[in-house]
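The next block holds one structure in the form of structure tokens; read it before the comments.
Chain letters run A, B, ... following the sequence lines, proteins first and then strands; every chain starts at 1.
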2 protein chains.
Amino acid sequence: MKKRVTIKDIASKLNISPTAVSRALNDHSDISESLKKRVQETARDMGYTRNVIAKRLVTNNSNTIGCFMLGRQDIQEETFGFHLIGGIIDEANRNNYDILLFTTSSSTEQGKDYIEMCLERRVEGAIFMGLRLDDPYLDNISQAPFPTVIFDTELPGTNVYCVTSDNRTGIRRAMEYLWNLGHERIAFIAGHAQAQVTKIRFDAYREFMEGKHAFLEGLIFSGDYTRQSGYRAAQEILVSKLKPSAVLVSSDLMALGAIQAFKDAGLHVPSEMSIIGIDNILACEYIEPQLTTIAQNPFKMGEQAVKTIISCLEHRKQPRRLALEMELIVRGSCGPNPYSHTQRTLALP
Amino acid sequence: MKKRVTIKDIASKLNISPTAVSRALNDHSDISESLKKRVQETARDMGYTRNVIAKRLVTNNSNTIGCFMLGRQDIQEETFGFHLIGGIIDEANRNNYDILLFTTSSSTEQGKDYIEMCLERRVEGAIFMGLRLDDPYLDNISQAPFPTVIFDTELPGTNVYCVTSDNRTGIRRAMEYLWNLGHERIAFIAGHAQAQVTKIRFDAYREFMEGKHAFLEGLIFSGDYTRQSGYRAAQEILVSKLKPSAVLVSSDLMALGAIQAFKDAGLHVPSEMSIIGIDNILACEYIEPQLTTIAQNPFKMGEQAVKTIISCLEHRKQPRRLALEMELIVRGSCGPNPYSHTQRTLALP
DNA sequence: TTGAAAGCGGTACCAT
DNA sequence: ATGGTACCGCTTTCAA
């Protein structure tokens, strides 16, 4: 490790004080233009690069946001998570913040909780992606002494914020779309209980169905967000008494599995069975038929998480929960209900 | 920002020196067990968390690796990049390194090159993902004064290393597989010139074909790694004089586009046209037929990048280029050459 | 407009 | 085994 040029080196070379150098480099107003120029030039000539670590120590200000990538095992998160990160870095760097990235495996092994890792690095805020309800450090996060954003999960705590998608509206739109195609027996495939959205999505479905007096326990099936579980759930649907003509599936991955199951059973999608997923993963476009889905906007969610943290840091009040709009992307996996003689064309508000 | 407990606070509370506290906290061997215990307990009681920033300043050692996510526009990178990052963080955290994540947009706007950003933060090494050959800071990277790993790109420079996949072997295996299915007119769809692997992949293809005395310029088609370009290239193949019976495509995404083009033209895959991609993206399994492909191992590549940097830091010599094994994943997109009466069964070394 | 000096929170060298 | 102290590189009063 070779010696680096410091402001003292510049100062002594120029026969001025380190103070002056510091202020010249930081473009303070109380330094003469001529000195500034001289300092900046010699700094460049000497190959000086400022030491942010020293600066952070003295200003007691890390300009850093910690970001935890949790539960990567969930394949569903892959492309979604990548865009989330993209949005986070973009927005952070734009505001001169650094992003420190952590993963779960190593940290927890060492017995350090998330918040302590942040505290040690004097991180100013933290973002959690892929947090599960059975995470052992849940209430640790709740007590974070700095602004914290969790995707898709609302936790108690004064510094804890949630950035998510407006699943309720998104699902309502999808359900209305199906309903208007004449479907009334609309099944639902849920995800696992360790994700907070699981319940939110189910509630949205239920709310719609009850509004139509069409809610039936027998239409509910469950999975765990994996493709395999979607396949199995679809098999159950096939033998169910209620003979649903459409399914709303809590994730695209499960929907992909479901489509496969229907195909394998010789049931044609969409003419005999309509299906809608959630997420808008890449594969939606490649499967036959292309999957109609409710899309989230992960990049924007990432940006929003950082915005929320920075706003808190600047003492601007933030809503505890921010739900970004979802978009129904209509492709080829839905058709009119073949059993219905009363297909609606355009109805309802 | 409330006042934090420091080592000195603990020292004065215990009437000992800060030195002793520091050493007790760091579990040095020259401190009595009893003192260690006392110190650690009071530290906990007082709510002390060590300040890594201060430590980094004094030890002149950031324990941090910078990671640049470049060219995210390339959809191909999505899931691949996510695993790359996963591997990087895992391995870094396991070795007590932090990962600082950067993106291109903001940094370059501010006129700061990659290396300067690293230098300011006293980063000990850097990793570049998605670097393109037309990046304006290419020779800036070459001169990095710290170990640097670039995925899939070899650059001159004493501190620059390359972690990639062994495309040559991977492609040879795929080509042999096709050849053994009786294909001799094997077309190739290349990527754009801004990625170094583009040439490597083409060379591997060419080498094989020339070895069989089957190389023909007319079998080469080009794309830019997007699905659309794969579609277009496939259309050209359809009208080409040489009537290839198989195609090796430089990325799965292009292969997906190509399959679509063949389908649209009424050509059946794999009975009338065999096709192999590279990458093993998620969608390979969802398309009909499932796509045979040459898989990379992005997670392992990420780990390897970090290992390389840490090895350099520990003065262990590293190879300038490390190519990880690729695996031919046989699925349903290849079949025997229908025009060939001489289908080989098992041949060649 | 510039300078001197006191830290920020640790670590490490040299004593004891 | 423990303490005194200088110092890492920078910023920030306060004084000149």
Side-chain angles (χ1 to χ4, degrees), chain A residues 1-40 42-43 46-64 96 116 118-124, chain B residues 1-40 42-43 46-64 96 116 118-124:
Chain A
M1 199 59 116
K2 53 181 168 238
K3 201 82 191 78
R4 292 261 176 64
V5 179
T6 73
I7 57 173
K8 283 179 191 168
D9 298 329
I10 301 177
S12 58
K13 177 146 205 170
L14 254 37
N15 278 319
I16 57 174
S17 73
T19 315
V21 176
S22 170
R23 285 192 284 216
L25 256 20
N26 288 305
D27 205 32
H28 278 219
S29 56
D30 55 357
I31 291 285
S32 67
E33 282 304 321
S34 61
L35 218 209
K36 268 186 200 168
K37 192 138 291 175
R38 275 208 303 153
V39 169
Q40 278 154 6
T42 34
M46 297 176 73
Y48 170 81
T49 41
R50 68 178 183 172
N51 187 334
V52 265
I53 296 183
K55 182 194 179 122
R56 283 171 185 178
L57 177 60
V58 57
T59 58
N60 189 28
N61 190 300
S62 69
N63 254 261
T64 300
N96 261 299
E116 178 159 357
C118 290
L119 252 20
E120 286 191 345
R121 290 157 178 87
R122 298 303 189 260
V123 145
E124 298 184 30
Chain B
M1 200 60 117
K2 51 180 170 239
K3 200 82 191 78
R4 293 262 176 65
V5 178
T6 73
I7 263 186
K8 286 173 189 167
D9 297 330
I10 301 175
S12 58
K13 178 147 206 168
L14 253 38
N15 277 320
I16 56 174
S17 72
T19 314
V21 176
S22 171
R23 285 191 284 216
L25 256 19
N26 288 304
D27 205 33
H28 279 217
S29 56
D30 55 357
I31 291 285
S32 68
E33 282 304 320
S34 61
L35 218 209
K36 268 185 200 168
K37 192 138 290 175
R38 276 208 302 152
V39 169
Q40 277 154 7
T42 35
M46 296 176 74
Y48 169 81
T49 41
R50 68 181 222 255
N51 187 334
V52 270
I53 296 182
K55 182 193 179 122
R56 283 171 184 179
L57 177 60
V58 58
T59 58
N60 188 27
N61 191 299
S62 69
N63 255 259
T64 300
N96 261 300
E116 179 159 356
C118 290
L119 252 21
E120 287 191 344
R121 289 155 179 89
R122 296 305 188 260
V123 145
E124 299 184 29

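Note that the CZ atom of A:Arg4 and the CZ atom of B:Arg122 stand 4.5 Å from one another [nearest 0.5 Å]. Between atom CZ of residue B:Arg38 and atom CG of residue B:Leu14 there is a gap of 4.5 Å, rounded to the nearest 0.5 Å. Atom-to-atom distance recorded for B:Lys55:NZ and A:Glu120:CD is 9.0 Å, nearest 0.5 angstrom. Separating the CG atom in A:Leu57 from the CG atom in B:Asn51 is a distance of 6.0 Å, to the nearest 0.5 Å. Between B:Lys37 atom NZ and B:Thr42 atom OG1 the span is 13.0 Å, to the nearest 0.5 Å.
A close approach under 4.0 Å does not occur between any side-chain nitrogen or oxygen of A:Thr6 and OP1 or OP2 of D:dG9. Using a 4.0 Å cut-off, some side-chain N or O of B:Ser32 falls inside it from OP1 or OP2 of D:dT2. For C:dT11, the OP1/OP2 oxygens have a side-chain nitrogen or oxygen of B:Asn26 closer than 4.0 Å.
Side-chain atoms of A:Arg122 stay outside donor-acceptor range of the base of C:dG9, with no qualifying N/O pair under 3.5 Å. At a cut-off of 3.5 angstrom, the base of D:dT12 holds at least one donor-acceptor pair with the side chain of A:Thr19. On a pure distance criterion of 3.5 Å, no polar donor-acceptor pair joins the side chain of A:Arg56 and the base of C:dG9.
Going from atom CZ of B:Arg23 over to atom C1' of D:dG3 covers 8 Å, rounded to whole Å. One atom, CG of A:Asn63, and another, P of D:dC10, lie 17 Å apart when rounded to the nearest Å. The distance between atom CG of B:Asp30 and atom P of D:dT2, rounded to the nearest whole Å, is 9 Å. Put simply, NZ on A:Lys8 is 12 Å from C1' on C:dA6, counting in whole angstrom units. Remark: C1' of D:dT2 and CG of B:Leu35 are 8 Å apart, rounded to the nearest angstrom. A straight line from CD1 of B:Ile31 to P of D:dT2 spans 5 Å, rounded to a whole angstrom. Summarising the geometry, the separation between CG on A:Leu25 and C1' on D:dT11 is reported as 12 Å, rounded to the nearest angstrom. In this structure, CG of A:Leu14 is placed 14 Å from C1' of C:dG3, rounded to the nearest angstrom.
A:Asn51 comes within 4.0 angstrom of sugar-phosphate atoms only, judged by non-hydrogen atoms across all strands, and of no base. Counting any heavy atom pair closer than 4.0 Å across all strands shown, B:Ile53 reaches no nucleic acid atom. The residue A:Asp9 sits apart from the nucleic acid: no heavy atom pair falls under 4.0 Å.
Heavy-atom distances to DNA chain D give each of B:Ser34 and B:Val58 a nearest nucleotide, and the one nearer the 5′ end belongs to B:Ser34. If you find the closest nucleotide of DNA chain C to B:Thr49 and to A:Ala20, the one lying nearer the 5' end belongs to A:Ala20.
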Derivation and outcome, side chain to side chain contact (heavy atoms under 4.5 Å, CB included), residues A:Glu124 and A:Thr64: CA-CA 6 Å; A:Glu124 298 184 30; A:Thr64 300; 6.0 Å; no
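Distances were taken from every side-chain heavy atom of B:Ile7 (C-beta onward) to each of C:dT11, D:dT13, D:dC10; the shortest belongs to C:dT11. If you check D:dG4, D:dC10, C:dC8 against the side chain of A:Ala54, the one that comes closest is D:dC10. Checking C:dA12, C:dT1, D:dT2 against every side-chain atom of B:Thr59, the shortest atom distance belongs to C:dA12.
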